[in-house]
Every structure is written in structure tokens, then in C-alpha cells.
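Please read the structure below before turning to the comments.
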Amino acid sequence: MAYKKFSADQLFDGEQMVAENQVLIMDNNGVVEAIVPATDAGEGVQHFSGVLSPGFINCHCHLELSHMKGAIAEKTGLINFVYDIIRLRHFSEDEIQDAIALADDEMTRNGIVAVGDICNNALTLQQKITSSLYYQNFVEASGFTAVVAEERFQRALQIRQAFSSHSLPASIVPHAPYSVSEVLWEKIIHLDGNDLLTIHNQETIPENELFLERKGDFLSFYEKMKIDISGFIASGKTSVQTFLPRFLQEQQVILVHNVYTSAEDIRVSKTAGMPQLYWCLCPNANLYITGQLPDISLLMRENCSLVFGTDSLASNHQLSVLQELKTVRTHFPEIPIESLFNWATLNGAKALRIQDRFGSFEKGKTPGVVLCKEDLSQCDRLL
Ligand SMILES: [Zn+2]
């Protein structure tokens, strides 16, 4: 068996930068064999300048919205963003499919190997059947009034079936706290085997206002959308404190955005009976939509398991985990580079439950190999 042997200025193994003069050895199928000292690596080592890392995991994307690149104005707030998505998302199927194929290719070139992808339809199915990327499909259900719950749930089941019939992993997930009724929530949570979940969380201030005091911009949003919320009672708690206890303890949940998450929210998230949580950062989408970033230092201090997502091209200029990492580096220079790479690789793989194949250079895995420039401006796929 012939081997590929890589070394670089820095070698990140999924958890840390390994000592200098180490060589990554993989077989021709991209299976990790070992990391060994250069003196034991023998002939044929290729040396690169920059950082070598396992392939990146993008825990939050909406591939089906790729055709909306540049369609929505920046920094107009989440509620206007949601209006625009609803108003502008309809394009011809050819345009949508072309954009999906380009976005899949863009992620591949940007060193991404696996994606947690939100689906409101099955338009991405054909691309995913042939793609070299691994996709965990999160079929999104929404509907804030109880009367539509059954119809929306049945629709989500059909979409999930479209993916699972091609052996593509798929679960049904609640869209956001402000868009899922308790009736629909119960159907999702208690669906057999549906235990890898995600939800948009605390992306905007009005989301907390709604649950704390039944006030704020969501009330006019519901009115404009003709959604009757007469049955909605504020819990008196923030959104995340309201919905987290509704998940089951054995479920694993990726919380996406977390821009307005407080220390108290995190404390409550760690109390007994809560699901296993991963906190997904989508900094470039946050800057695009509201201009605000989560308190990443706080999340880190509180030992939250952090991962990265690109969100969609409707709210980002590119689909690149490395660019997300770079943005965090710019705004939080005190965060060690090793932590950022760990969130982008092994943590992401654990969040999607694919750490047996992806996320680190452990023997037997096929994580892909990415070479990043030291300043994080660019990366290339080596394998
Ligand atoms: Zn999203």
C-alpha cells in the first residue's frame, strides 16, 4: 500500500496543535494511518507552509436558499430578513438547482467535508445523492398555531422520507421558538428515533421579549402574517429557558446563533434533565443580519461545546467555515487558535454524530485534509 505523507509549519489533529516535526500519514483512500515523528516517516514527505487540519464541519447551512445570494439587504434585522426570505425565495427550479450545485462545490473547495443542512423541501436531494460531502438533513417544521400542526408535521414526514429513501440521514426539527406551536413541538420531540435535533435560538432581541412579556416586534410580525396568537401565553422566561425543558434528556440539540444568550440561560441549560447541547456560531450571518455577535467569550468560559455554521448564502457572502473562524479571530483575538480549529472540526463532528469518520486525524478515520494559510485568509483541500 502506498502512503501519502504530509507535514506543515503547524499540524492540528482535531484537538490540538501537535509538536513540531510530526508527519501525518494516510493511505491512498484517505484513511488516517498515524502521526509520527519526521525521523520515523521515511521517504516522500510533502511539506507545506501553513496549518494542516482535518476537513471542516459546517453544522448549519440552508443549501436550498443558495439562489438568494445577494438578494437581501444587510443589517435590516431578523424580522425583515424573514419577510424577505418568504417574499423573495421563489425562483425557477433550474436557477435553484444551479445555485445548489455551485454552493455544494464551493463548500468542497473551502475544505468542508460534512454539513448539517436545514431542509424545507427536497430540492437539494439530487445534489446530495451525488455529492462528495456528507449531509445530515434537518427537515424543518414550523407553524405557530396549533391548527396547522398536523398538516405541517405530515409534510415534514414526507420530506424526511424523500431523503431517507436514498439512505441520506434525516431528522425533523423545530424551526425556532417563535414559529413552532406546543402541539407541533410535541409531535417532533416524540417521533421515534428523532433524537439528533437543531433549532434557531436567540437570534434577535424580540424573540426573548415575546417569551418574557408577550411584547415586541414579533407581535406585529404575526399580525402582518395573519397568524392568530390569541392562545399564546408568555412563560416569563427567555426563549431558550422556555423551550429547552421540552426536549428529552437523551436528545442531542444544536442551538444555532445564540446572539442574545445570557449567563443565566447557560446556567439553566446545564440543570438536570436537559438535552445534550452544542452551541453553533454563525458569526458572518449575524453580522449580515443584525451586526451583532454572540458573547463567545462567555460561552467559552462556561464550557459550552461550540461549533460553527455558515448559515445560507441568503445571509452570507460565502460558505466557508474558515471565514467564520477568521471573523471570530478578528473580534475575539484572545481566543486560542487551537480552540477555533477544534470547534470547526472535532466538535462539529460530534455535534453531527459522525466523529467515528470525521473531525480528527485518528487512525481509521477519513476526515479529509485541509491546508490553511497562517492568517486564515484561504485554504486548500489536499485530500
Ligand atoms: Zn439558519
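Atoms within a ligand are numbered from 1 in the order they appear, just like the ligands themselves.
Classification of the H60-H200 ring pair by plane angle, with boundaries at 30° and 60°, yields perpendicular.
The nearest N/O/S atom of D311 to the Zn ion (ligand 1) is OD1.
Between the Zn ion (ligand 1) and C282 there is no N/O/S contact shorter than 2.8 Å. At least one N, O or S atom of H200, from either the backbone or the side chain, sits less than 2.8 Å from the Zn ion (ligand 1). Backbone or side-chain N, O or S atoms of H257 do not reach the Zn ion (ligand 1) at under 2.8 Å.
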Margin query: Test ring-ring contact (aromatic ring centres under 6.0 Å, His included) on Y178 and H175; report intermediate values, then the result.
Written below: CA-CA 8 Å; Y178 56 79; H175 163 252; 5.7 Å; yes
Notebook entry, point to check: What's the verdict on side-chain contact (heavy atoms from CB on, under 4.5 Å) for L346 and K350, showing C-alpha distance, side-chain angles and the deciding distance?
Noted result: CA-CA 6 Å; L346 188 57; K350 288 177 181 169; 3.9 Å; yes
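Within the 4.5 Å cutoff, no side-chain heavy atoms of T238 are placed close to those of F211.
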